[in-house]
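Structure first, then comments.
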Amino acid sequence: MSLGRFAPSPTGVLHLGNLRTALASWLSARAVGGCWLIRMEDVDGPRCRRDLGEAQLRDLGALGLDSDEPLLWQSERGDRYRAVLETLHQAGHLYPCACSRKDLQALASAPHLEDGLRPYPGRCRGQGWEGFDRALRLRLPEGPVTWADLVLGSQHDDPATLTGDPLLFRRDGCFAYHLAVVVDDGDQGVTEVVRGGDLRAVTATQIRLQEALGLPRPAYAHLGMVVGPDGSRLGKRAGALGVAALAARGVGTAEVLGWLGWSLGCLAEPQPCQAAELVVAFRWDRVPAGELRVPLDWV
Ligand code: GLU
């Protein structure tokens, strides 16, 4: 049984990029009669807020993206994540890291990588185990990872040059995104991960963590980014409008769905529709890989 998911972080309003990801994953599941779920990725401390998550759920509901499973909040899964860390530790996959943020900045700089993604060079790899009051990293095995991306085609990455050994547990007691996302996809039985292309660079690392945990590998689809009318990254200033702000500008959910459906190759022209009407036309080989600009009058 195919199971897709949308896993937003409840740190703000879902913008057109997020909504496009949600719609694509929902359509892909529905097109093969599969199931779909929503998961709130709220492990990232105080930036995550319940009320923002609830507003995101309302927006997904307004678009008709219905979930088949109970909603999962990652902040309630601490016991499970800790048990998984214990398992990884027993199998020798973890080491404690004493590097401060300042150390990390000084250790590695990789100007070719966007968004300040710096590979961790493994400085603390030789550290002995000191328990769960330290930051913990996964010791990556050497070598590249390949996967067949549903949008991008065949992919080949060496996680050592992208993330290096990923942080799984922070010294402040927070579980890291890589740990939570891989454990939950595994526990929930997710077979297809659809997300924004900005996360392509961490996929090889997450595949390594799946392997360390003996989890099956889901299919991956990394969508082209939705950018502002001038090609800039969607942000608070330009193009990051959500369902409510678009409605206030006279752009209703049917119009948003029509535009998103067209952008995913389901419609020849953007024309108002319902999500369910797009299902029959959805196919991954029709989804273009490139960037997508928000219409000028939508910002
Ligand atoms: N929670 C992540 C985000 O909102 C997405 C994680 C994923 O889809 O793997 O950026």
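In listed order, ligands and their atoms are each counted from 1. All values derive from a computational prediction rather than experimental measurement.
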Any donor-acceptor pair under 3.5 Å linking the side-chain atoms of Gln206 with those of Gln210?
no
Consider every N or O of Arg5 and every N or O of ligand 1, then say whether any pair is closer than 3.5 Å.
yes
For Arg195, the ligand 1 atoms whose distance to one of its heavy atoms is below 4.0 Å
7 (C), 8 (O), 9 (O)
Please work out which of the three classes, parallel, tilted or perpendicular, describes the rings of His222 and Tyr220, given edges at 30° and 60°.
parallel
Asp187 pairs by salt bridge (Lys or Arg N to Asp or Glu O under 4.0 Å) with which of Arg5, Arg39, Arg80?
Arg80
How far is atom 5 (C) of ligand 1 from the closest protein heavy atom, and which atom is that?
Ala7 O, 3.3 Å
No-hydrogen, no-angle side-chain donor-acceptor test under 3.5 Å, Trp26 and Asp66:
yes
Do the ring planes of Phe132 and Phe169 sit parallel (below 30°), tilted (30 to 60°) or perpendicular (above 60°)?
perpendicular
Among all protein heavy atoms in this structure, tell me which lies nearest to atom 1 (N) of ligand 1, with the distance rounded to 0.1 Å.
Glu41 OE1, 2.6 Å
Output yes when a side-chain donor or acceptor of Asp185 lies under 3.5 Å from a complementary backbone atom of Val182, and no otherwise.
no
Who's the nearest protein heavy-atom neighbour of atom 3 (C) of ligand 1, and how far?
Ser9 OG, 3.6 Å
Tyr177 neighbourhood, listing ligand 1 atoms whose heavy-atom distance to it stays under 4.0 Å:
6 (C), 7 (C), 9 (O)
Show which atoms of ligand 1 fall inside a sub-4.0 Å distance from at least one heavy-atom site of Val181.
9 (O)
Which residue supplies the protein heavy atom nearest to atom 10 (O) of ligand 1, what is that atom called, and how far is it?
Leu199 CD1, 4.0 Å
